[in-house]
Protein chains: 2
Amino acid sequence: MFTLAEENYLKAIFHLENDYGTGVSTNAIADKMDTRASSATDMIQKLADKKVISYQKYKGASLTKKGKSIAVNIIRKHRLWEVFLVEKLDFQWDEVHEIAEQLEHIKSDELIQRLDLFLGHPDFDPHGDPIPDKNGYIKPTEKKLLSKLKKNQQGICVGVKESSAKFLQYLDTRKIGIGSSIKVIEKEDFDQSMTIQVSNKQFFITKQISENLYLKTI
Amino acid sequence: MFTLAEENYLKAIFHLENDYGTGVSTNAIADKMDTRASSATDMIQKLADKKVISYQKYKGASLTKKGKSIAVNIIRKHRLWEVFLVEKLDFQWDEVHEIAEQLEHIKSDELIQRLDLFLGHPDFDPHGDPIPDKNGYIKPTEKKLLSKLKKNQQGICVGVKESSAKFLQYLDTRKIGIGSSIKVIEKEDFDQSMTIQVSNKQFFITKQISENLYLKTI
DNA sequence: CTTAAAATTTAGACAAGCCTAAAAAATAAA
DNA sequence: TTTATTTTTTAGGCTTGTCTAAATTTTAAG
Ligand SMILES: [Mn+2]
Ligand SMILES: [Mn+2]
Ligand SMILES: [Mn+2]
Ligand SMILES: [Mn+2]
């Protein structure tokens with residue numbers, strides 16, 4: 001069995017490997033966990049002892065098969081709970097992450113199996129992130145960052161990269177959400193800022209925004 | 001903010017005061033928490049420092065107003081989650097306690113408020129225990145242990161005292177549950193064993209059973 | 001290739017919660 | 001009321017997860 005801290009480190013390492021490739025540095029982990037490098041080292045050594053990561057001093061860490069399976073299961077729980085909170089309890093999409101951070105650590109396979117059924121086996125969480133199935137399989141989805149689109153290209157918003165409350169609220173005030181149709185009207189070469197069209201309104205957005213919106217191009 | 005361990009101690013002290021009156025002994029707490037008296041003393045001193053119990057060396061502990069309010073809130077969460085698990089996820093009443101022991105520590109007032117609404121503001125949990133309202137008020141209910149009834153008296157089962165899976169399964173196999181009509185057919189003076197009638201069937205039960213079933217007499 | 005900077009690990013400490021063993025206080029027995 | 005027993009507290013230690021400061025290794029610069 002794994003402690004809450006161990007579970008959180010495994011999840012962090014999973015996300016880091018996903019985003020920046022295999023072999024995660026101590027500093028990257030410490031950063032994501034909002035702790036000190038020395039604390040990260042301690043935990044990395046413990047996780048290596050438990051065979052859930054492979055690790056050599058000074059060379060970074062990678063999840064083993066077992067470690068990945070644990071991490072994915074926590075992510076599955078996190079996302080299912082987020083669906084529950086939004087679909088059943090009427091929370092907004094910017095309000096659920098912190099609560100799901102707690103709920104993801106509840107230990108009961110039966111509970112998750114039944115929750116999944118109750119929710120109708122959802123494929124995506126409220127932020128457009130895929131929900132791993134009970135075997136840990138994550139269906140690969142073809143989605144593209146808005147920042148990669150050129151002038152006049154368009155797509156449907158299928159997810160967000162950042163999912164901080166601040167960013168989600170920014171999107172809310174501009175009526176951008178999962179399912180919104182977005183078209184690039186103008187793109188500034190110098191700073192990658194864009195003018196986009198959502199429904200019948202046009203907005204000016206910075207690179208920081210376009211780099212955090214996933215689209216399915218059409 | 002209170003740690004998981006602190007919350008569990010507060011809940012234990014609340015239940016002990018409820019069952020055996022104010023001023024709870026160190027041993028009673030250690031016993032309920034399945035720990036050693038020395039550990040209980042450590043925690044008692046910490047809780048006293050935090051002003052959630054009043055305590056004098058060698059004299060036992062009692063919840064302060066603040067401590068009681070925290071304990072009752074945890075119990076409210078526990079019971080609401082049990083309702084959720086049974087009503088929404090189709091768990092059996094003997095399967096929910098352990099999971100609720102985890103869920104009761106999730107910290108979000110908004111979550112509990114919405115869960116309560118989602119469940120339709122239930123008054124009782126699956127074991128017939130009252131659910132405190134958001135102000136911590138527990139509606140007093142008139143219920144009587146089956147063991148207190150005399151021959152030919154009857155009532156409706158409104159709750160169980162014990163709620164271990166073993167006991168609940170015992171009741172299940174005899175089709176006894178919340179709402180069952182129970183009549184005392186025969187009562188043995190010597191050992192308090194009884195013959196009772198449930199629906200059209202008669203059972204022989206020991207004192208241990210009758211002391212753990214709450215009835216509303218009619 | 002040697003030095004400077006950055007990244008990582010180690011050493012030593014601390015709080016929370018638990019433990020065992022021993023001391024102290026309260027209670028029961030004689 | 002003295003002695004024995006039970007209850008409770010204290011003392012000292014251990015594990016988990018964290019920290020700061022110092023040492024070590026790796027990487028980048030000159
Ligand atoms: Mn989330
Ligand atoms: Mn999400
Ligand atoms: Mn329960
Ligand atoms: Mn219950």
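Order of the sequence lines sets the chain letters (A, B, ...), proteins ahead of strands, with each chain counted from 1. From a predicted model like this one, the values you see are computed outputs, not experimental measurements.
Remark: of the listed residues B:K134, B:K77, B:H121, B:H121 is the sole one forming a side chain to side chain donor-acceptor pair (under 3.5 Å) with B:D116.
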Grab the N/O contacts between the protein and nucleotides 5-9 of chain C below 3.5 Å, and write none if there aren't any.
residue: C:dT8; atom: OP2; partner: A:N27; partner atom: N; Å: 2.9
residue: C:dT8; atom: OP2; partner: A:N27; partner atom: ND2; Å: 3.4
residue: C:dT9; atom: OP1; partner: A:Y55; partner atom: OH; Å: 2.2
residue: C:dT9; atom: OP1; partner: A:Y58; partner atom: N; Å: 2.9
residue: C:dT9; atom: OP2; partner: A:T26; partner atom: OG1; Å: 2.7
residue: C:dT9; atom: OP2; partner: A:T41; partner atom: OG1; Å: 3.0

Before you tell me yes or no, could you show the steps for A:N27 and A:S25 under side chain to side chain donor-acceptor pair (under 3.5 Å), namely the whole-Å CA-CA distance, both residues' side-chain angles and the distance that decides it to 0.1 Å? CA-CA 5 Å; A:N27 268 354; A:S25 76; 6.0 Å; no

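Dense packing is recorded around NZ of B:K32, with more than 12 heavy atoms of other residues, nucleotides or ligands lying under 6.0 Å away.
Counting any heavy atom pair closer than 4.0 Å across all strands shown, B:T35 reaches sugar-phosphate atoms only and no base atom.
For the pair A:S69 (side chain) and A:K65 (backbone), a donor-acceptor distance under 3.5 Å is absent.
The two residues A:K66 and A:K51 make their nearest non-hydrogen contact at CB-O, 4.4 Å. Residues A:I182 and A:I176 approach most closely at CD1-CG2, 4.1 Å, considering heavy atoms. Smallest separation of non-hydrogen atoms from B:F14 and B:A71: CB-CB, 3.7 Å. Scanning all heavy atoms of the two residues, the minimum distance from B:E211 to B:K161 falls at O-CD, 3.8 Å.
At whole-Å resolution of the value, CG in B:D34 and P in C:dC19 are 8 Å apart. B:I29 has its CD1 atom 13 Å from the P atom of C:dC18, to the nearest Å. For the pair A:D49 CG and D:dT16 C1', the interatomic distance rounds to 14 Å; values are reported in whole Å. Rounded to a whole Å, the CG atom of A:D42 is 13 Å from the P atom of D:dT20.
Close to C:dT20, at under 4.0 Å from its OP1 or OP2, lies a side-chain N or O of B:R36.
Of all the residues in residues 1-9 of chain B, not one reaches under 4.0 Å from DNA chain D with any non-hydrogen atom.
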